[in-house]
Amino acid sequence: MAVRHFLQLKDFTRAEFEHLFARTRAIKDRFKRYDPYRPLHDRTLAMVFEKHSTRTRVSFEAGMHQLGGSVITLMTRDTQLGRGEPIEDVAKVITRMVDIVMIRTFEQAIIEQFAAHSRVPVINGLTNEYHPCQIMGDIYTYIEHRGDIRGKTVAWIGDSNNVCNTWLQAAELFDFNVHVSTPPGYEVEPERAGLYGTDHYEEFEDPMEAVKDVDVITTDVWTSMGFEAEDAERKRDFEDWQVDGDMMRAAKKDALFMHCLPAHRGEEVAAEVIDGPNSVVWDEAENRLHTQKALMEFLLLGKVEE
Ligand code: CP
Ligand code: NVA
């Protein structure tokens with residue numbers, strides 16, 4: 001049987017996410033009750049980081065330990081990858097020694113190449129194009145706070161980056177709408193975003209128009225990792241795309257504010273919003289742990305029914 005990978009959100013069906021979310025609820029509940037659940041006691045996760053991380057590293061590492069397994073963390077600069085060993089050779093070697101791999105890297109093509117030479121499941125821990133683990137956690141967080149996301153509207157304000165692309169894939173999978181407002185020159189590229197079409201999102205020149213009566217406002221840094229050379233130019237271009245109190249007031253009264261973190265207060269979001277009553281950013285971060293535990297369980301043990 002072909003090995004399953006999680007390289008972008010649409011690698012899984014809605015039914016599979018429904019299973020993952022049910023398992024997340026069960027695993028989270030046991031964790032909160034200090035009821036040990038260690039089905040992966042003989043398994044090893046290798047993580048490869050070509051970019052910085054706090055949440056992804058801690059959530060995968062803690063999650064694998066809590067499930068009873070072991071973790072090896074590799075930073076590019078300390079490994080032969082940093083000295084030019086071909087990615088396919090690294091994939092062939094690592095995946096003979098461990099049971100599952102998580103990679104954070106630059107182009108999606110790199111993780112696809114790794115997966116093509118892998119004997120074990122590969123998880124995308126962020127690429128330039130996608131961040132599926134983040135949005136899996138975010139959709140779960142929305143459901144925890146507000147229930148079904150089908151038919152709701154999410155406003156994306158800012159850069160059409162990896163997190164935006166993945167929200168757009170989520171809109172197709174879970175059948176909700178996204179209002180996207182980016183500065184000119186930073187618009188969504190549907191093919192790069194891996195979309196089936198343009199039915200689930202609408203683009204707005206004016207961010208204030210995009211947030212009117214929406215259920216969620218979300219944003220992300222103006223300059224993603226790997227794009228640091230454009231930072232000064234981006235700071236100028238994105239100036240009017242800060243999620244502030246006026247934007248939150250234009251959304252539905254109970255609208256949620258979401259952000260994958262790390263955040264830059266005073267740039268893409270005002271402190272009063274991210275630290276305000278509608279913000280669920282800490283729940284999003286925590287749910288990375290619980291959803292990824294369900295993901296690793298699924299990839300290694302299949303559909304566990306308890
Ligand atoms: N949101 C997220 O992936 O955070 P890190 O970059 O800290 O892993
Ligand atoms: N878009 C950001 C997300 C960080 C979690 C980046 O790629 O740097």
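Order of appearance sets the numbers: ligands from 1, and atoms from 1 within every ligand. In this chain, residues are counted from 1 in sequence order. Scope of the values below: all heavy atoms of this structure, side chains included, with no hydrogens, waters or symmetry mates.
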(request) Could you tell me which residues satisfy side-chain contact (heavy atoms from CB on, under 4.5 Å) with Thr54, sequence neighbours excluded, listed by chain and number? (result)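 Residues passing side-chain contact (heavy atoms from CB on, under 4.5 Å) with Thr54: none at all.
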(request) Do me a favour and list the nearest non-hydrogen protein atom to atom 7 (O) of ligand 2 with residue, atom name and distance? (result)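 Protein heavy atom at minimum distance: Asn162 ND2, 2.8 Å.
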Polar contacts were defined as any N/O atom of the residue lying under 3.5 Å from an N/O atom of the ligand; does this apply to [X] and ligand 2?
| X | result |
| --- | --- |
| Arg104 | no |
| Asp220 | yes |
| His131 | no |
| Met225 | yes |

(message) Taking the cut-offs as 6.0 angstrom to the six-membered ring centre and 45 degrees off its axis, would you call Lys10 and Tyr196 a cation-pi pair?
(response)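 Because its charged atom sits under 6.0 Å from the ring centre and within 45° of the axis, Lys10 does stack over Tyr196.
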(message) Taking the cut-offs as 6.0 angstrom to the six-membered ring centre and 45 degrees off its axis, would you call Lys51 and Phe106 a cation-pi pair?
(response)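 Relative to the ring axis of Phe106, which defines the angle, Lys51 lies inside both limits.
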(request) Using a strict 4.0 Å cut-off to heavy atoms of Leu126, name the atoms of ligand 2 that fall inside it. (result)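 Under 4.0 Å from Leu126, ligand 2 has these atoms: 3 (C), 4 (C), 5 (C), 7 (O).
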(request) Taking only heavy atoms of Leu261 into account, list the atoms of ligand 2 that are under 4.0 Å away from them. (result)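 This gives 5 (C) as the contact atoms.
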(request) Heavy-atom distances under 4.0 Å are what count here, so tell me which part of Asp159 touches ligand 2: side chain, backbone, both or neither. (result)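 It is neither part, as no heavy atom is under 4.0 Å.
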(message) Classify the ring geometry of Trp167 against Phe176: parallel below 30°, tilted from 30° to 60°, perpendicular beyond 60°.
(response)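 Perpendicular.
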(message) Any carboxylate oxygen within less than 4.0 angstrom of a Lys/Arg side-chain nitrogen, looking at Lys252 and Asp215?
(response)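 Asp215 and Lys252: salt-bridged.
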(request) Answer yes if the side chains of Lys253 and Asn278 hold a donor-acceptor pair under 3.5 Å, and no otherwise. (result)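 No donor-acceptor contact under 3.5 Å links the two side chains.
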(message) We want to know whether Gln169 and Asn165 form a side-chain donor-acceptor pair, criterion being a heavy-atom distance below 3.5 angstrom.
(response)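 No donor-acceptor contact under 3.5 Å links the two side chains.
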Contact table, ligand 1 N/O with protein N/O, distance under 3.5 Å:
{"unit_1": "ligand 1", "atom_1": "1 (N)", "unit_2": "Gln134", "atom_2": "OE1", "d": "2.9"}
{"unit_1": "ligand 1", "atom_1": "1 (N)", "unit_2": "Cys260", "atom_2": "O", "d": "2.9"}
{"unit_1": "ligand 1", "atom_1": "1 (N)", "unit_2": "Leu261", "atom_2": "O", "d": "2.9"}
{"unit_1": "ligand 1", "atom_1": "3 (O)", "unit_2": "Thr56", "atom_2": "OG1", "d": "3.0"}
{"unit_1": "ligand 1", "atom_1": "3 (O)", "unit_2": "Arg104", "atom_2": "NH2", "d": "3.0"}
{"unit_1": "ligand 1", "atom_1": "3 (O)", "unit_2": "His131", "atom_2": "NE2", "d": "2.8"}
{"unit_1": "ligand 1", "atom_1": "3 (O)", "unit_2": "Arg288", "atom_2": "NH1", "d": "3.1"}
{"unit_1": "ligand 1", "atom_1": "4 (O)", "unit_2": "Arg55", "atom_2": "NE", "d": "2.8"}
{"unit_1": "ligand 1", "atom_1": "6 (O)", "unit_2": "Arg104", "atom_2": "NH1", "d": "2.8"}
{"unit_1": "ligand 1", "atom_1": "7 (O)", "unit_2": "Thr54", "atom_2": "N", "d": "2.7"}
{"unit_1": "ligand 1", "atom_1": "7 (O)", "unit_2": "Arg55", "atom_2": "N", "d": "2.8"}
{"unit_1": "ligand 1", "atom_1": "7 (O)", "unit_2": "Arg55", "atom_2": "NE", "d": "3.1"}
{"unit_1": "ligand 1", "atom_1": "7 (O)", "unit_2": "Arg55", "atom_2": "NH2", "d": "3.0"}
{"unit_1": "ligand 1", "atom_1": "8 (O)", "unit_2": "Ser53", "atom_2": "OG", "d": "2.7"}
{"unit_1": "ligand 1", "atom_1": "8 (O)", "unit_2": "Arg55", "atom_2": "N", "d": "3.4"}
{"unit_1": "ligand 1", "atom_1": "8 (O)", "unit_2": "Thr56", "atom_2": "N", "d": "2.8"}
{"unit_1": "ligand 1", "atom_1": "8 (O)", "unit_2": "Thr56", "atom_2": "OG1", "d": "2.7"}
{"unit_1": "ligand 1", "atom_1": "8 (O)", "unit_2": "Arg104", "atom_2": "NH1", "d": "3.4"}
{"unit_1": "ligand 1", "atom_1": "8 (O)", "unit_2": "Arg104", "atom_2": "NH2", "d": "3.3"}

(request) Can you sort out the partners of Phe114 under ring pair (Phe, Tyr, Trp, His ring centres under 6.0 Å), two or more places apart, ordered by chain and number? (result)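 Phe114 satisfies ring pair (Phe, Tyr, Trp, His ring centres under 6.0 Å) with no residue once adjacent residues are dropped.
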(request) Could you identify which residues cluster with Leu289, counting Ile, Leu, Val, Met, Phe, Trp and Tyr as linked when any side-chain heavy atoms lie under 4.5 Å apart, either directly or through a chain of such contacts? (result)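 Reading the cluster by chain and number, Leu289 sits alongside Phe31.
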(request) Flag yes if more than 12 heavy atoms outside Glu228 fall under 6.0 Å of its CD atom; otherwise flag no. (result)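 For Glu228, atom CD is crowded (more than 12 foreign heavy atoms under 6.0 Å).
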